[in-house]
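All figures in this text were calculated on a predicted structure; none of them were measured in a lab. So you know, we letter chains A, B, ... as the sequences are listed, proteins then strands, and number each from 1.
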Amino acid sequence: MKKEKFIYPTKRDEHVNNIFDSFIQKTIFKNKIMLQSGYTPETIQHRENQIKQVASILAPSLRVEKPSNLFIYGLTGTGKTLVIQYVKNQLLRKAKEQKIELIIPYINCKLRKVADTEYRILAELIKKLGGKVPATGLPTDQLYHKLIEIIDTKKQILILVLDEIDQAVGKIGDEFLYNFTRLNTELTKTQISIIGISNDLKFLDNLDPRVKSSLSEEEILFPPYNALQIKDILKERSKEAFKEGILGEGIIEKCAALAVRDHGDARKALDLLRIAGEVVERENKDKITLDYIDKAKEKMESDIVLNSIETQPRQFQLTLFSIIQLIKIYKKEKEERRLFTGDVYDYYLDTCKKTKISSLTQRRVSDIIAEFDMLGIINAKTISNGRYGRTREIRLDLPEELIEKIEKNLINSLGI
DNA sequence: CGAGATTCATGTGAAGTATACCTTTAGGCTTAA
DNA sequence: AAGCCTAAAGGTATACTTCACATGAATCTCGTA
């Protein structure tokens, strides 16, 4: 056995310290939270009208009367969630002042494994109200009883905010909304109003008429921001978020322009700014220049997708992996070849065999493909090839580099 | 040549199964009177 | 006898499977012009 050469520790320690120093040293942010998506600023620009409308609709709650149900829709990044949070905070403050019992739970229906079935939405709601509910095992209607039990203890108003409600309905149907709206008839003291928030402008159209009429007693549309408005918002927030002199010339204009091209998505503009800042910081520079915005744009798009893929279950990842591999193979071929469900399933089975992962049936994989389509990661269209059957044509409309990254990630997490 | 029948490959709905977890209940054991 | 613990019984939600039928246009078939 060889004896290791002893290294005197202090030298090394110093070295380590120096490395970290360089990370801690500089920060170009003054208050980064201002740019993060969950942040609710003191004043909200260019949404005065919507705030007023929401406020006037919810105002009766301060007289302990049930406000109308409200349906809010508009594209992503048009300030829907922001306005609701803002009004919610104001409302709660006022209610506290006047000693009025008012609860406004907020649930995001999109979160997988948290609120994507009727049971789980209910469970989440009860949890928010301080109750405890097991993840499985109870009949759903018992959860309703439990909810009623918790709520109906005193005279109060409950305004339930269901964000990304279109996602939930797309997955589990609209029956649960009907149940929610009917809940009031079972309650004696408490009254419930529902606020539904949707990114899908056509969401109301395919809703059961009964649900539709009761959910959208009031409707508010959030139009996209225009370039000037986004610029205002960015200016306002970046003033607080960054230290002086960090933003180079034309940065805000560029972010705004990019976001406007993408249907006036303010969240995107803010993310761009924040991510650009993070990249600059990581590279130890002290000024955000235009090319950092481009970098941020790429990074952002890939981050969103990568993140949503990482959290998928194993079988979903395996399916996606199969799709990516096949797309790659097909691309190398001379003739254009389209990708169908059957091909994916065959490749999937192969991969399962090789990696000794148990395989699902085609029925299930078909559903998984449909779910990926819903997530927008792939693009699947059912087509009929006439004599040669009916299937889904699967496409992957993502940039080349991103696909590479996804592939790497998948190989990594699947251990292939 | 054209209308209607056929065909294929898979979409899709319904019902069934496995699993994980819940509550209820009956039985057994302990304990205190 | 009352109280407490445990394990079995009976129930549910969820993810998945099984079964069976639905789809829809290219192709085939066959009667007719």
Original post:
For R364(A), does the CZ atom have more than 12 heavy-atom neighbours from other residues, nucleotides or ligands under 6.0 Å away?
Top reply: yes

Return all side-chain donor-acceptor pairs below 3.5 angstrom for residues 117-140 of chain A, not counting sequence neighbours, or 'none' if the list is empty.
| residue | atom | partner | partner atom | Å |
| --- | --- | --- | --- | --- |
| T117(A) | OG1 | R120(A) | N | 3.1 |
| E118(A) | OE2 | Y144(A) | OH | 2.7 |
| E118(A) | OE2 | N179(A) | ND2 | 2.9 |
| Y119(A) | OH | P134(A) | O | 2.9 |
| R120(A) | NE | D116(A) | OD1 | 3.1 |
| R120(A) | NH2 | D116(A) | OD1 | 3.2 |
| K128(A) | NZ | Y106(A) | O | 2.8 |

Subject >> Results of ring pair (Phe, Tyr, Trp, His ring centres under 6.0 Å) for F321(A) - residues two or more places apart only >> reply: none

**OP:** Starting at atom CD of E393(A), determine the distance to atom P of dA9(B), rounded to an integer number of angstrom.
**Re:** 17 Å

Validation: residues 310-317 of chain A side-chain donor-acceptor distances under 3.5 Å, sequence neighbours left out:
| residue | atom | partner | partner atom | Å |
| --- | --- | --- | --- | --- |
| E310(A) | OE2 | N409(A) | ND2 | 3.3 |
| T311(A) | OG1 | S308(A) | O | 3.1 |
| Q312(A) | NE2 | S308(A) | O | 3.3 |
| Q315(A) | OE1 | Y348(A) | OH | 2.6 |
| Q315(A) | NE2 | S358(A) | O | 2.8 |
| Q317(A) | OE1 | S413(A) | OG | 2.9 |
| Q317(A) | NE2 | I309(A) | O | 3.2 |
| Q317(A) | NE2 | E310(A) | O | 3.4 |
| Q317(A) | NE2 | Q312(A) | O | 3.3 |

**OP:** Flag the pair D271(A) and R274(A) as a salt bridge only when some basic side-chain nitrogen lies within less than 4.0 angstrom of an acidic carboxylate oxygen.
**Re:** yes

**OP:** Using a cut-off of strictly less than 4.0 Å between a heavy atom of the residue and any atom of DNA chain C, enumerate the qualifying residues of residues 114-125 of chain A by number.
**Re:** T117(A), Y119(A), R120(A)

Original post:
Do T76(A) and N199(A) have side-chain N/O donor and acceptor atoms under 3.5 Å apart?
Top reply: no

Polar atoms only, N or O, under 3.5 Å: list the protein pairs with nucleotides 17-21 of chain B and their distances.
none

Original post:
Quick one: K132(A) NZ to dC22(B) P, roughly how many Å, whole number?
Top reply: 12 Å

Compile the donor-acceptor pairs under 3.5 Å between side chains in residues 46-62 of chain A and protein atoms, sequence neighbours left out, one pair per line.
| residue | atom | partner | partner atom | Å |
| --- | --- | --- | --- | --- |
| H46(A) | NE2 | D232(A) | OD2 | 2.9 |
| R47(A) | NE | T78(A) | O | 2.9 |
| R47(A) | NH2 | T78(A) | O | 3.2 |
| R47(A) | NH2 | P223(A) | O | 2.4 |
| E48(A) | OE1 | H46(A) | N | 3.4 |
| E48(A) | OE2 | H46(A) | N | 3.3 |
| S56(A) | OG | K52(A) | O | 3.4 |
| S56(A) | OG | Q53(A) | O | 2.9 |
| S61(A) | OG | L58(A) | O | 2.7 |

**OP:** Provide the full list of salt bridge (charged side-chain N to carboxylate O under 4.0 Å, His left out) pairs with a residue in residues 186-213 of chain A, sequence neighbours left out, each pair given once.
**Re:** D208(A)-R210(A)

**OP:** Starting at the 5' end of nucleotides 3-8 of chain B, put B wherever the base has a protein heavy atom under 4.0 Å, S where only the sugar-phosphate does, and a dash everywhere else.
**Re:** ----BB

Original post:
Over its full length, what angle do the end axes of the helix from dC1(B)-dG31(C) to dT31(B)-dA1(C) make, each axis taken from five pairs and the result rounded to 10 degrees?
Top reply: 30°

Original post:
Which ones in residues 338-359 of chain A lie close to DNA chain C, meaning a heavy atom under 4.0 Å from one of its atoms?
Top reply: S359(A)

Original post:
Where does the chain A footprint on DNA chain C start and end, counting 5' to 3' with a 4.0 Å heavy-atom cut-off?
Top reply: dG11(C) to dT27(C)

**OP:** Could you list the residues that satisfy salt bridge (Lys or Arg N to Asp or Glu O under 4.0 Å) with K254(A), not counting sequence neighbours?
**Re:** D294(A)

